[in-house]
Amino acid sequence: MHKKERTLAIIKPDAFESKCVGQIISVIEKAGLEIINMRLLRLSNNEASEFYSEHKSKPFFPDLIEYMTSGSVAVIELEAYNAVNLYRDILGATDPSKAAEGTIRKLFASSKQRNAAHGSDSTASAERELQFFFG
Ligand code: GDP
Ligand code: MG
């Protein structure tokens with residue numbers, strides 16, 4: 001049985017700097033993902049650290065937190081059939097030089113860190129991340 005699923009997208013600070021927020025939302029909508037909920041916010045150090053806690057021991061963690069708190073982000077709840085995998089597909093690989101043509105990261109990311117957007121990597125992550133931002 002097919003059942004609609006939800007996932008979390010975050011448009012990251014570099015996308016606000018490069019003024020491609022609207023274009024990213026357009027790619028999301030054209031892929032058939034429905035916007036259910038959306039908020040603009042500035043993450044605190046604590047919020048960013050908790051959100052990315054799985055990466056706490058990685059060498060890039062301090063840089064990641066500095067970057068994610070450097071400006072506005074848009075947190076977006078999305079819905080579709082197979083939303084988690086569908087959105088990860090249109091998001092593209094973490095490293096934009098490895099991302100497929102037409103993906104958000106291929107089109108709009110500038111580096112492996114400044115990669116334009118986030119997407120939940122599993123239905124369990126989606127549940128946790130949606131709870132984190134939307135309760
Ligand atoms: P994602 O699920 O594709 O976003 O990738 P990860 O969960 O592995 O990493 C989370 C975020 O940390 C990425 O989206 C990047 O912004 C950043 N990141 C991941 N790997 C690296 C890295 O090797 N170097 C740096 N500077 N940032 C990284
Ligand atoms: Mg991830």
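Residue numbers count from 1 along this sequence. Counting convention: from 1, in listed order, for ligands and their atoms alike. The structure displayed is predicted, hence computed values, not measured ones.
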Task: Within the protein, residues bringing a heavy atom under 4.0 Å of ligand 1, chain by chain - done: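 Heavy-atom contacts below 4.0 Å: K12, Y52, H55, F60, L64, R88, T94, R105, K112, Q113, N115.
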For residues 84-96, dump all side-chain donor-acceptor pairs below 3.5 Å to protein atoms at least two apart in sequence or in another chain.
| residue | atom | partner | partner atom | Å |
| --- | --- | --- | --- | --- |
| N85 | ND2 | N82 | OD1 | 3.3 |
| Y87 | OH | H118 | O | 3.0 |
| R88 | NH1 | G119 | O | 2.8 |
| D95 | OD1 | S97 | N | 3.0 |
| D95 | OD1 | S97 | OG | 2.9 |
| D95 | OD2 | S97 | OG | 3.4 |

What heavy-atom pair brings [X] and [Y] nearest, and what distance separates the two atoms?
X    : Y    : answer
I104 : A116 : CG2-CB, 4.4 Å
I11  : F16  : O-CE1, 3.7 Å
G102 : L107 : O-CD1, 3.5 Å

TODO: In plain terms, say whether E127 and R6 are close enough for a salt bridge, that is, a side-chain N and a carboxylate O under 4.0 Å apart.
DONE: no
Task: F51 ring center near F132 ring center (under 6.0 Å) - done: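 Distance test on ring centres: under 6.0 Å, yes.
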